[in-house]
There are 2 protein chains.
Amino acid sequence: MLNLSKAICVMARTKDFDENEVLARAVDLFWLKGYNSTSMQDLVDGLGISRSSLYDTYGDKHSLFIKALECYQSRASGKLCQIGNKTLPAKEVIKELLEFITGELLQDQKHKGCFLVNAEVEVAPHDEEVSQMICKNGQQIEEAFYKVIKKGQDNDEITNKQDASALARFIINTVKGIQVTAKSTNDKAIFDDIIKLAMSVLD
Amino acid sequence: MLNLSKAICVMARTKDFDENEVLARAVDLFWLKGYNSTSMQDLVDGLGISRSSLYDTYGDKHSLFIKALECYQSRASGKLCQIGNKTLPAKEVIKELLEFITGELLQDQKHKGCFLVNAEVEVAPHDEEVSQMICKNGQQIEEAFYKVIKKGQDNDEITNKQDASALARFIINTVKGIQVTAKSTNDKAIFDDIIKLAMSVLD
DNA sequence: TTTATTTCGGAATGATTGGTCCGGAATGAA
DNA sequence: TTCATTCCGGACCAATCATTCCGAAATAAA
């Protein structure tokens, strides 16, 4: 209704803020503290817009969380695709991905981990919408890893003794583990050990 | 102060409930909904004791959470030791552990995952006490896996090409990944793939 | 400039939060 | 039975929660 009149009729006052810029800030807040312990007051303070602008623009807390998760997701998969599309041997691509991810995790003093993993643990089991987002995202990531691995197998860069989709699932699982472990440690040696051994499965 | 007088002087009315039994129920509640979205009211309702009994016996919410986490931890490590102490080839022990853990995860319709992992993700980054519990527990588990693996290496059941502590870290990381993945799926095939490949690192 | 419309700051909402308190019931020791 | 002590149901508290609402300011089209 409102959107209809908005589209047909005149535009009045314009927003004082950039919608995406503020959403990016919401990502950071939810990412840092999670869904339940980020209050609307935290958001009002952190986003720099008023309560009513917040509700007018993004709907209620839950719908803002969904938007933030979507924003993070597309940002993250963008970065991963960037590495995935490099013209490198498949094994190098996987290794670079793992090292990129752990590098980012270790760099973060706040131990935010991965927003998607955090959401998967904290909210997915009680929230059908989030759960489905996570699942869909998981399938996309599995597909992306599968392609890289399959190509590697065709070029004999990666072992053909194992199923490509099993290898994809295994690598993704390793990443998830790393993202949890990073929540309470920043000992690089641990991650180096894990990556080295996970990579050995591809041989 | 209170404990002192309690020890020296007479005992009066006894508690109407079993302290450990109620604590076990608290574990289930926190395990299911996490710290932040389990309210004291939820606990009062779920534990079946009154608000004042709750505070008298376990202190405030945070201290009850710590006690619940400790309870879960000792229960879990008990079960793991039970398997770890079996007189089986080391590789079989690891495999049985992985299968036991995934079996329990898959059996749980509520997708509670692992309480320790949930806490590591949800609370550890903002809670020094929980963070240290998680770290200490992680070291103990690493030590336990290390021993099993080391023994396996000495018997040539497990590859000597890799460092035993690296292998321990790797296996634990795989378990953590599985515990996250189980939060939003119960497709056994995924876990079978992961376990098979993780086990292959020990060859 | 007028007018219709939107934005937005901040007050106000009722519900829920974690935590305290009181008074009667229960209970072990004397 | 008395008495000192503890237990516990439930009322109560201030603070915080997510959300709504109102009126003034802003703005694009007429």
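Below, all heavy atoms of this structure are taken into account, side chains as well, without hydrogens, waters or symmetry copies. A note on names: the letters A, B, ... follow the listed sequences, proteins ahead of strands, and every chain is numbered from 1.
- Distance, A:Glu19 CD to C:dC8 C1': 14 Å, rounded to whole Å.
- Remark: C1' of D:dA18 and CG of A:Leu43 are 11 Å apart, rounded to the nearest angstrom.
- Legend: residues meeting side chain to side chain donor-acceptor pair (under 3.5 Å) with A:Asp163, ordered by chain and number and at least two apart, are A:Ser165.
- Atom NZ in A:Lys110 sits 6.0 Å away from atom CG in A:Leu32 (nearest 0.5 Å).
- Residues that satisfy the salt bridge (charged side-chain N to carboxylate O under 4.0 Å, His left out) test with B:Asp192, not counting sequence neighbours, are B:Lys188.
- In this structure, A:Leu54 atom CG and D:dT20 atom C1' are separated by 14 Å, rounded to whole Å.
- Checking the phosphate oxygens (OP1, OP2) of D:dC17, a side-chain nitrogen or oxygen of A:Ser39 falls inside 4.0 Å.
- The side chain to side chain donor-acceptor pair (under 3.5 Å) analysis of residues 77-87 of chain A, with sequence neighbours excluded, yields the pairs A:Lys86-A:Glu96.
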What does nucleotides 8-14 of chain D look like as a protein-contact string, B for base, S for sugar-phosphate only, - for none, at under 4.0 angstrom between heavy atoms? BBBB---

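- With sequence neighbours left out, A:Asp18 forms a side chain to side chain donor-acceptor pair (under 3.5 Å) with no residue at all.
- Per the geometry, CD belonging to A:Gln41 stands 9 Å off P belonging to D:dA18, to the nearest Å.
- Checked against ring pair (Phe, Tyr, Trp, His ring centres under 6.0 Å), B:Tyr72 has the following partners two or more places apart in sequence or in another chain: B:Trp31, B:Phe115.
- Considering only residues two or more places apart in sequence or on other chains, A:Glu104 meets the side chain to side chain donor-acceptor pair (under 3.5 Å) condition with none of them.
- In the helix from C:dT1-D:dA30 to C:dA30-D:dT1, the rotation axis of the first five pairs and that of the last five pairs differ in direction by 10°, rounded to 10 degrees.
- Using cut-offs of 30° and 60° for the angle between ring planes, the A:Tyr35 and A:His62 rings count as perpendicular.
- A:Met40 has its CE atom 16 Å from the P atom of C:dG10, to the nearest Å.
- The salt bridge (charged side-chain N to carboxylate O under 4.0 Å, His left out) check on B:Lys183 picks up nothing, with sequence neighbours excluded.
- The interatomic distance linking B:Leu64 (CG) with C:dG19 (C1') rounds to 14 Å, in whole Å.
- Between the CG atom of B:Asp45 and the P atom of C:dT16 there is a distance of 12 Å, rounded to whole Å.
- Among the atoms of the strands shown, only primed sugar atoms or phosphate atoms (P, OP1, OP2) are found under 4.0 Å from some heavy atom of A:Thr38.
- For residues 135-148 of chain B, the side chain to side chain donor-acceptor pair (under 3.5 Å) pairs, not counting sequence neighbours, are B:Glu142-B:Arg169.
- Following rounding to the nearest Å, A:Asn36 (CG) and D:dA18 (C1') show an atom-to-atom distance of 12 Å.
- Against DNA chain C, the stretch residues 120-130 of chain B makes no heavy-atom approach under 4.0 Å.
- Here B:Lys112 pairs with B:Asp108 under the salt bridge (charged side-chain N to carboxylate O under 4.0 Å, His left out) rule; sequence neighbours left out.
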